Amino acid sequence: MSDKTILIVEDEQAIADSIAFALGKEGFAPHHVTLGEQALAAARDQAPALVILDVGLPDISGLDVCRRLRQFSDVPVIFLTARSDEIDRIVGLEIGADDYVTKPFSPRELVARVRVILRRAGPAPTAAPATVANPRTPGFELRAAEARILFAGQLLELTRYEYLLLKTLLEHPGHVLSRAQLMDRVWRDAPDTLDRTVDAHVKSLRAKLRGVDGSADPIQTHRGMGYSLQPGA
Ligand code: CA
């Protein structure tokens, strides 16, 4: 795998150019294609470190590209989307997206997210990680510097928003946080977030925690109020 090649799949030339420029300036090697089929071929041939994938492509939908990509690759994917109903499909379907940004977006912010995801996907740093094992949240280890969370000793494979959501709950053990508070803290860069986006992420987080410990259900639902992390639940 090339650790610098970023595949950009976008049919709007001006958008692709601005992303490629921002990536190039930060030392990445952007490779641009405009069609879904080209993207799948390029992902096979070039094994990029990350894929930036537009949902609305002329030939096949970016969501279908991601599904097919997942049959042969775990490469991180950031979706570009113009519509909030597409966001629901990205987070609601388990198609393995790592993140999404809504058009219009800042290419610099996108590149910052690329860095975060690559850091998370890359090998663990050799320096001793700053691990925070909070006695009020037994079982969890928050490694904020690496943007990682461990549960029962296992590294959780989290998307950006799942990570931020769980981090927020861990930082307020026992506190009930309303959907509005969670949207405010976790989705501050995505102002059109919907209540059901929060719910969808809580659902996927619970599934991942159960994947580590089948009897664990530390995230509690408070009907009409919100969610909390209950220590030892
Ligand atoms: Ca498009």
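For the numbers below, each heavy atom of this structure counts, side chains included, while hydrogens, waters and symmetry mates do not. Counting starts at 1 for both ligands and their atoms, following the listed order. What you see is a predicted model, and the numbers here were worked out from it, not measured in a lab. In this chain, residues are counted from 1 in sequence order.
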Apply ring pair (Phe, Tyr, Trp, His ring centres under 6.0 Å) to F151 and list each qualifying residue two or more places apart in sequence or on a separate chain.
F140

Under the rule for side-chain contact (heavy atoms from CB on, under 4.5 Å), what residues qualify as partners of H222, not counting sequence neighbours?
V176, Q220, M225, S228, Q230

How many N, O or S atoms of the protein are nearer than 3.0 Å to the Ca ion (ligand 1)?
3

For R44, salt bridge (Lys or Arg N to Asp or Glu O under 4.0 Å) partners two or more places apart
none

Looking only at the side chains, is there a donor atom on one of R185 and H172 sitting less than 3.5 Å from an acceptor on the other?
yes

Crowding at CD, Q38 (>12 non-hydrogen neighbours, <6.0 Å):
yes

If the plane angle is over 60° it's perpendicular, under 30° parallel, otherwise tilted; pick one for W187 and Y161.
parallel

